[in-house]
Amino acid sequence: MTATAATDQLVASMTLAEKASLCAGRDFWSFYGVPRLGVPAIGVSDGPYGLRKERSTEQVQLGDSVPATCFPTSAGMASTWDPELIEQVGRALGAEARAEGVSVLLGPGVNIKRTPLCGRNFEYYSEDPLLAGRMGAAWIRGVQSQGVGASLKHFAANNQEQRRFSIDALVDERALREVYLAAFEAAVDGGAPWTVMCAYNRLNGTYAAEHEWLLTRVLRDEWGFDGVVVSDWGAVNERVDGLAAGLDVEMPGFGGHHDQLITDAVNSGLLPADVLDRTVARILALIERTAPARAGGHTYDRDAHHALAGRVAAEGTVLLKNDGGLLPLTPGGRIAVIGAFAEQPRFQGAGSAHINPHRLDDAYTRLSELAETTYAPGYRRDSDEVDGALLAAAVEAAGAADTVLLYVGLTESYETEGLDRTHLRLPASHDALVAAVVAANPRTVVVLNNGAPVEMPWHGDVPAIVEAYLGGQAGGSAVADVLFGLAEPGGRLAETFPHRWADNPVHALPSGPRQAEYRESVYVGYRYYDTAGTDVLFPFGHGLGYTTFAYADVTANDTEVTVTVTNTGERAGSEVVQVYVHEPAAAGARPEQELKGFAKVRLAPGESRAVTIGLDRRAFAWYDVAGARWAVTGGRYEIRVGASSRDIRATATVDVPGDGPPAPAYPVPAAGQHWDRDRFGVAFGRPLPDNTADVPGAYTLNTPLHDMRSSPVTRLLQATARRQARGFVKDPKSPMALLIGAMLDEMPLRMLSMMSRGKIGRPVQEGLLDLINGRRLAGLRRLLRARRR
Ligand code: BGC
């Protein structure tokens, strides 16, 4: 019997109640099985750069997970530009999950970095969909090679943390297709994930969890996804609508709290029985596919995974600036190591991706093996304020040394799930430290630990800057090795570093309380900066090495580009060859150029290699919304080959036959102009909606608690939840406390089910909503009725 026939038979032998039970989690971290039929329950765990298997399945206990390898966060993985290496990371993650009996790993996150302020950017790959999608696909292939399913997330348009549970992302379809969905499409196409996780937010008016166009028409019918769609944790709004739209499993689940809704809907004919059967068949297939993850007896080699984490950290380290060849450092001489991050590494972000590393290297220990060192912390980790005594000691240490290695970046509270940054600056104490130290000793190397771009007002005064991102558990030692030339800085930026936040188009656009308007359309990241000719601090794709490369003999047609790359320096090194396509003017409103291929090559000194990078029809296409298809405007395209979006080394032209019209124009800024919300951007084709908060009397189950705080009932709910949270979050300044605070402000009433582990269900929520809306009598009646049930 084929697997499908066996699954169909299994579905046919299940009762309606059994089928409904499979459509939600058993608890926070597992799916139900069907014991009567020998179908096992399966376990799931976060996340994108390490296994976060919680010790309890009954609740979320961020911070209490089994020890695992913490790889560099996704931002660092992306800057390797090396899908093969990331596939190896995937294999290692899959092996760790399998050793712990985990059947599905909740990653990768391929959301586009629409703004550099998004608090989860460290968990995402890039501002470019091709790069994000290829990295995601590689990760998925690696994980799934171990018999563990991946969960591609957060589908879709979850590009900010602020109000993520309720925000409505208004995105024109062209931007969706060409940018936001394109990353998911590439990951589905190249990785074939066994699950996809839908996002919390709404997309053009509809919650992702019940978005039929998104979850069924695009994901399944167009892209051929054949796996299971799971909800983000607490993302389900209307359960039955979700099922009908293509959402299979609600997570988490609590003792079947929505089963009745599903069985009633089937019995009343509201939900066709075959829709439920299809969902159940998909879930059974997932359980079957992941059988190897539960076979038992698997182990993994911790030391080997630690070494791999170190390799990825070095390969993802981006040498942003190296005036006078200050790096690599040569042995000998006194080194002042300054900055608390050198001793207590900042190596990962906060939230559901947070790993409990089985080992942790710090930079200072490794640097002390390589050179004669002194150390000064320079700043406090728990405060942004400048500490005069620490600053003075750091300046003194800098003055007495030959060279300074200065570790600064973003402290924990800046980068966490649930919160966006409010500005792009470093903590004031870090900026002040850089200025003072470089004044005391101009031979200063700044090493940055952060998960996303920062402004660098001091960049002109510092000769060498290294972006080490959040490098995982082996990042401290790996980056120390890079500084001394024992490893090459293999990274290139997967995102633009603007001079200032105000240079980004999103800065000018309205975001919240209800809608985030993506008026910049396809002009995201370098697509915008390069079109507008905005000067940037470090461009997309940028990164130096310890050697140099020459590009020659570029040839191109519409299926491939070939270029000869020569290592012209004295050390072995790697180069990321990037191919950008520039459309002819007649092609209409198109970004100045778009990344359409890349390859990482390693060359010995003097070695040359012809590098061929494939192109397909999509490399020239734009999404024609009116025609509902990808269209190519015929004409002469320029193929630009280079070392960053602003460092094009060679070009070729290609005549491409067309099959469609030019892209419709809408006003975009000319070179040197800034984005102006009233003059530029996409017209949504309808009046812009009312972007104001809900008002008393008209609050809904989806209104964020913060917006209803004028009601004593809301305040009581929040205070009770805060009191409970205090039980497991000791430090009120910790990122975890900030995350919980944000959740309690931003969550809508319907998420009380998740927060109370199913105890506060819909009937009670509706009673509370009446009270909050001032309908006291109706509210009390409902609550009494709910109590009696
Ligand atoms: C996050 C997901 C995560 C899930 C489970 C959610 O809040 O958005 O990325 O996988 O929690 O921890």
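Because the structure is predicted, anything quoted here is derived from the model rather than measured.
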Do the charged groups of D128 and R527 touch, with an N to O distance under 4.0 Å?
yes
Do E467 and F497 touch side chain to side chain, with heavy atoms closer than 4.5 Å?
yes
List for me each residue that meets salt bridge (charged side-chain N to carboxylate O under 4.0 Å, His left out) alongside D221, sequence neighbours excluded, and say none if there are none.
none
Sequence neighbours left out, what pairs pass ring-ring contact (aromatic ring centres under 6.0 Å, His included) with at least one residue falling in residues 166-196?
F155-F184, Y180-Y518
By the definition side chain to side chain contact (heavy atoms under 4.5 Å, CB included), identify the one residue from D558, I639, N557 that meets it with L615.
I639
Say whether, by atom type as modelled, one donor and one acceptor occur between the side chain of R514 and the main chain of D168 under 3.5 angstrom.
no
Inspect the contact between E583 and R636 and indicate whether a charged nitrogen and a carboxylate oxygen are less than 4.0 angstrom apart.
no
Among residues at least two apart in sequence or on other chains, which ones pass ring-ring contact (aromatic ring centres under 6.0 Å, His included) with F620?
Y637
I'd like to know if E746 pairs up with R163 as an ion pair, taking the criterion as any Lys NZ or Arg NE/NH1/NH2 lying under 4.0 Å from an Asp or Glu carboxylate oxygen.
no
Can N237 and E210 be counted as having a side-chain donor-acceptor contact under 3.5 angstrom?
yes
Using 30° and 60° as the class limits, which term best fits the ring planes of F540 and Y526: parallel, tilted or perpendicular?
parallel
Is there a salt bridge (charged side-chain N to carboxylate O under 4.0 Å, His left out) between R282 and D226? Walk through the geometry before answering.
CA-CA 8 Å; R282 291 195 283 250; D226 68 352; over 6 Å; no
Close side-chain approach of E185 and L181, heavy atoms under 4.5 Å
no
Do R91 and Q146 have a side chain donor and acceptor closer than 3.5 Å?
no
Assess whether salt bridge (charged side-chain N to carboxylate O under 4.0 Å, His left out) is satisfied between E212 and R220, documenting all intermediate values.
CA-CA 10 Å; E212 203 257 341; R220 295 188 195 281; over 6 Å; no
Taken in chain and number order and not counting sequence neighbours, the residues that satisfy side-chain contact (heavy atoms from CB on, under 4.5 Å) with E173 are R177, W213, Y623, V625
Quick one: which residue pairs count as a salt bridge (Lys or Arg N to Asp or Glu O under 4.0 Å) with a foot in residues 528-542, not counting sequence neighbours?
D530-R646
Is any side-chain heavy atom of P116 closer than 4.5 Å to a side-chain heavy atom of L424?
yes
Does any donor atom in the side chain of S352 or E417 lie under 3.5 Å from an acceptor atom in the other side chain?
yes
Is it true that E123 and T73 share a donor-acceptor pair across their side chains at a distance under 3.5 Å?
no
Presence of salt bridge, K153 and D46, under 4.0 angstrom
yes
Do any pairs count as a ring-ring contact (aromatic ring centres under 6.0 Å, His included) and have a residue in residues 113-143, sequence neighbours left out, and if so which ones?
Y124-H154
Can you tell if the side chain of V641 reaches within under 4.5 Å of the side chain of Q578, non-hydrogen atoms only?
no
